[in-house]
Amino acid sequence: MTAVELAGVAETPHPPGKDLVLDVRDLRMRYGSTDVLHGVDFTARRGEVLALLGPNGAGKTTTIEILEGFRMRSAGEVSVLGVDPGRGDERWRARLGVVLQSWRDHGKWKVRDLLDHLGIFYRAYATERIPRPWPVDELLDAVGLTPHADKRVHQLSGGQRRRLDVAVGIVGRPELLFLDEPTVGFDPAARREFHELVHRLADLDETTILLTTHDLDEAEKLADRILILAGGRIIADGSPDELARRVAGDAEIRWTRGGERFVHATADATGFVRELLTQHGDEVQELEVRRASLEDAYMALVYEQESGARAGAAARVWQQGSEA
Amino acid sequence: MNPTTAAVRAGLRRGLIELRNTFTNGQDLWNYFFPTVVLLVTMFFMRGSTVPGTTFSLGARTLPSALGMGLAFGGMLMLASQLVVEREDGTLLRVKATPNGMLGYLIGKIVLLSTVAMLSMLLQLLPAIFFLDGLELARPGAWLGLLAVALLGLVATLPIGAVIGSLIENPRNLGLVMLPTMGLIALSGIFYPINGYPGWLQAIAQVFPIYWLGLGMRSALLPDDLAAVELGGSWRHLETVGVLGAWAVLGLVLAPVVLRRMARRESGSRMAARRERAIQRVG
């Protein structure tokens with residue numbers, strides 16, 4: 001992961017410049033008398049992959065739908081590719097890709113026909129830098145649907161259908177791609193191929209990607225930066241590594257010596273192991289160092305937020321830490 | 001190419017693809033053929049009866065009326081139900097996420113439904129020629145009149161269908177539109193002249209397009225003498241154009257507003273909520 005760049009992001013929460021693809025400040029959403037979002041802030045730069053995590057009902061879908069221009073916000077400043085999504089025109093729309101959760105539309109269409117047809121709408125929006133649409137054969141190949149190109153959509157399996165959803169989302173070569181739980185229903189091989197596709201989009205085509213997932217392992221593999229949304233606020237913003245380190249600083253070290261089992265928790269795992277090996281050398285067996293995982297960090301942060309909210313004082317320890 | 005032109009072209013192409021898809025789908029073909037067969041069988045048995053006060057075959061009078069009814073069905077109810085169903089399955093959201101996608105979608109639907117309506121008409125008309133006497137198909141004006149009424153009928157009914165389809169959220173509620181339409185057919189003199197009905201029932205029938213589509217088709221395909229047994233004793237061409245035109249204007253004014261409102265409100269979470277309800281309905 002690109003830790004060096006991320007340090008820079010942490011220092012300046014709103015870096016200026018044209019590379020800023022997403023700029024969300026103090027975004028608020030209220031349904032009736034219920035506040036769903038209480039001031040969400042984050043940014044994304046070109047080519048960055050962001051994972052938006054959070055418990056169900058935290059406001060992830062609402063946030064994404066506001067950014068997609070499918071829902072009006074109550075308050076706050078939002079800029080998506082330099083445009084307010086509430087006033088985005090078709091030219092702006094052509095620069096976005098949207099993959100929502102499990103659709104079952106166009107069942108009678110052949111896979112190739114559908115991609116070919118939807119691609120036509122983007123042709124007029126091609127630029128010198130970005131040829132649009134993505135040629136159908138290449139696209140089918142990129143998502144692994146070439147053998148199924150002439151099948152009807154309703155004949156596809158769940159995983160194939162999902163890959164078609166992704167293909168539809170990227171047929172216009174979006175500069176910004178929204179992925180809502182993209183790999184639900186994928187088998188491990190399809191999941192790995194999908195991860196490679198995401199890396200390819202981000203690295204080669206400089207596509208900025210905002211994805212939501214409940215799979216923390218996936219978030220860790222894909223995302224340059226992780227945002228945790230809980231209780232209508234972003235309670236954490238950083239690389240997976242940073243999050244894990246910041247929240248649960250201690251690593252756990254296990255080893256056996258003379259048939260006896262030891263466990264030790266420390267922030268400086270490398271130093272401790274060096275010391276341990278110098279002192280006991282060959283006697284140390286089955287050495288294991290376990291860093292705090294993203295999952296540990298996620299659970300700790302969400303728990304902290306929820307218990308803080310219950311106590312009436314939102315615990316914003318993490319944000320204070322990152323802004324210091 | 002200009003993006004709007006591109007979308008219009010894509011829409012035309014969309015219509016053609018959907019036509020190919022629907023004519024290669026067994027279920028859809030059954031839905032087209034079955035009512036046609038029922039209708040033809042009905043007319044076959046009506047061919048011996050006569051229109052009251054004449055010696056003209058009642059079956060031959062019913063055929064053009066039924067063609068008019070078919071247009072109203074094809075234009076209004078098919079578009080309405082497709083909009084409702086395709087809103088629920090995510091087609092409209094997909095289209096909304098595509099630049100100028102809504103324009104392309106609507107053009108595609110117009111191409112699809114007009115073609116299906118025209119083909120259904122031919123499907124009913126051609127076999128009927130062989131067992132019904134009295135249709136004046138050799139008259140040069142007949143086919144022209146048929147085409148003119150068909151086009152006017154589509155312009156009058158498609159926008160209304162779009163409005164109905166946008167207002168209904170739940171596919172279950174389509175029945176709320178189907179039922180009154182069936183009643184209206186009974187009122188509109190499709191299968192039997194309504195001269196004997198009380199005046200107020202005749203008035204209601206003459207507000208809606210079905211009556212006028214039936215009348216227009218009859219005027220195109222039947223001998224002129226039969227105008228005598230219509231209300232007012234004439235084909236009333238001016239009134240036909242007037243009423244159908246008024247529906248067309250009303251629809252074309254309302255449809256863009258209602259469609260835009262419907263499209264604006266469409267989002268992933270609304271779809272998810274609808275799906276939840278659908279699952280609860282089944283479970």
Side-chain angles (χ1 to χ4, degrees), chain A residues 31 36 59-66 68-72 86 88-110 112-114 116-126 132-133 152-154 161 164-165 168-169 171-172 174 178 180-181 212, chain B residues 1-29 82 85-105 107-108 112 263-276 278-279:
Chain A
Y31 295 117
V36 180
K60 297 193 296 287
T61 305
T62 302
T63 305
I64 285 208
E65 287 188 352
I66 290 170
E68 288 164 346
F70 287 170
R71 191 175 279 278
M72 296 307 284
D89 58 2
E90 301 300 310
R91 176 167 298 279
W92 172 75
R93 168 78 46 215
R95 298 165 68 198
L96 299 184
V98 175
V99 177
L100 291 169
Q101 292 178 33
S102 55
W103 286 350
R104 53 195 168 79
D105 56 296
H106 291 94
K108 289 177 198 161
W109 285 60
K110 287 184 181 164
R112 181 191 300 279
D113 284 348
L114 182 60
D116 190 47
H117 169 69
L118 291 174
I120 298 174
F121 290 92
Y122 293 91
R123 199 177 292 156
Y125 298 104
R132 292 183 166 112
R152 308 253 174 210
V153 172
H154 68 83
R161 171 80 237 213
L164 175 64
D165 287 336
V168 169
V171 67
F178 296 100
D180 202 356
E181 306 204 9
T212 69
Chain B
M1 205 193 312
N2 168 322
T4 313
T5 321
V8 170
R9 279 204 198 172
L12 294 175
R13 173 121 184 79
R14 182 182 183 87
L16 294 181
I17 294 173
E18 292 213 288
L19 275 171
R20 204 177 60 209
N21 290 344
T22 191
F23 286 127
T24 51
N25 180 295
Q27 178 72 43
D28 285 4
L29 285 176
Q82 291 215 354
V85 168
E86 297 198 335
R87 194 139 40 109
E88 198 182 39
D89 74 13
T91 305
L92 269 126
L93 191 55
R94 173 95 71 205
V95 156
K96 188 182 169 181
T98 310
N100 304 302
M102 267 296 177
L103 178 63
Y105 175 83
I107 289 175
L112 170 70
R264 194 176 52 237
R265 288 155 52 107
E266 209 50 29
S267 71
S269 44
R270 273 181 88 89
M271 262 193 55
R274 242 180 258 137
R275 191 166 52 227
E276 278 303 304
I279 290 167

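In what follows, every chain begins at residue 1, and chains take the letters A, B, ... in the order their sequences are listed. Keep in mind that the numbers below use all heavy atoms, side chains included, and drop hydrogens, waters and symmetry copies.
Interface remark: A:W92 contributes no atoms to any contact with chain B (heavy atom separation under 4.5 Å). Residue B:T4 does not touch chain A at all, counting heavy-atom pairs closer than 4.5 Å. Residue A:R95 does not touch chain B at all, counting heavy-atom pairs closer than 4.5 Å. Looking at B:L103, neither its backbone nor its side chain comes within 4.5 Å of chain A, counting heavy atoms on both sides. For a residue to count as touching a neighbouring chain, one of its non-hydrogen atoms must lie under 4.5 Å from one of that chain's; by this rule B:N25 touches chain A with the side chain only. Proximity to chain B (any heavy atom under 4.5 Å) is shown, for A:V171, by neither the backbone nor the side chain.
By the 6.0 Å contact criterion, CZ on A:R152 is enclosed, its count of non-hydrogen atoms from other residues, nucleotides or ligands being greater than 12.
Counting all heavy atoms, side chain and backbone alike, A:I120 lies closest to B:A6 at CG2-O, 4.2 Å. Scanning both residues, A:Y122 and B:A97, for their nearest heavy atoms gives OH-O, 3.7 Å. Considering all non-hydrogen atoms of both residues, A:F121 and B:N100 come closest at CE2-O, 3.6 Å.
Of the inter-residue distances, the one linking B:T24 atom OG1 with A:K108 atom NZ reads 9.0 Å to the nearest 0.5 angstrom. For the atom pair CZ of B:R14 and CG of A:L114, the computed distance is 7.5 Å after rounding to the nearest 0.5 Å. B:S267 contributes atom OG, which lies 12.5 Å from atom CD1 of A:I64 (distance to the nearest 0.5 angstrom). Here B:R270 contributes atom CZ and A:E65 contributes atom CD; the two are 10.5 Å apart, rounded to the nearest 0.5 Å. Atom NE2 of A:H117 is separated from atom CG of B:L16 by 11.0 Å, given to the nearest 0.5 angstrom.
Taking A:E68, A:R71, A:R93 one by one and counting their heavy-atom pairs under 4.5 Å with chain B, the maximum is reached by A:R93. Of the listed residues B:L93, B:N2, B:V95, the one with more heavy-atom pairs under 4.5 angstrom with chain A than any other is B:L93. Each of B:R265, B:R13, B:R264, B:E18 has some count of heavy-atom pairs under 4.5 Å with chain A, and the biggest count is that of B:E18. Across A:A94, A:G172, A:G107, A:G97, the residue that shares the most heavy-atom pairs under 4.5 angstrom with chain B is A:A94.
Salt-bridge annotation for A:D165 and B:R94: present, with a side-chain N of the basic residue lying under 4.0 Å from a carboxylate O of the acidic one.
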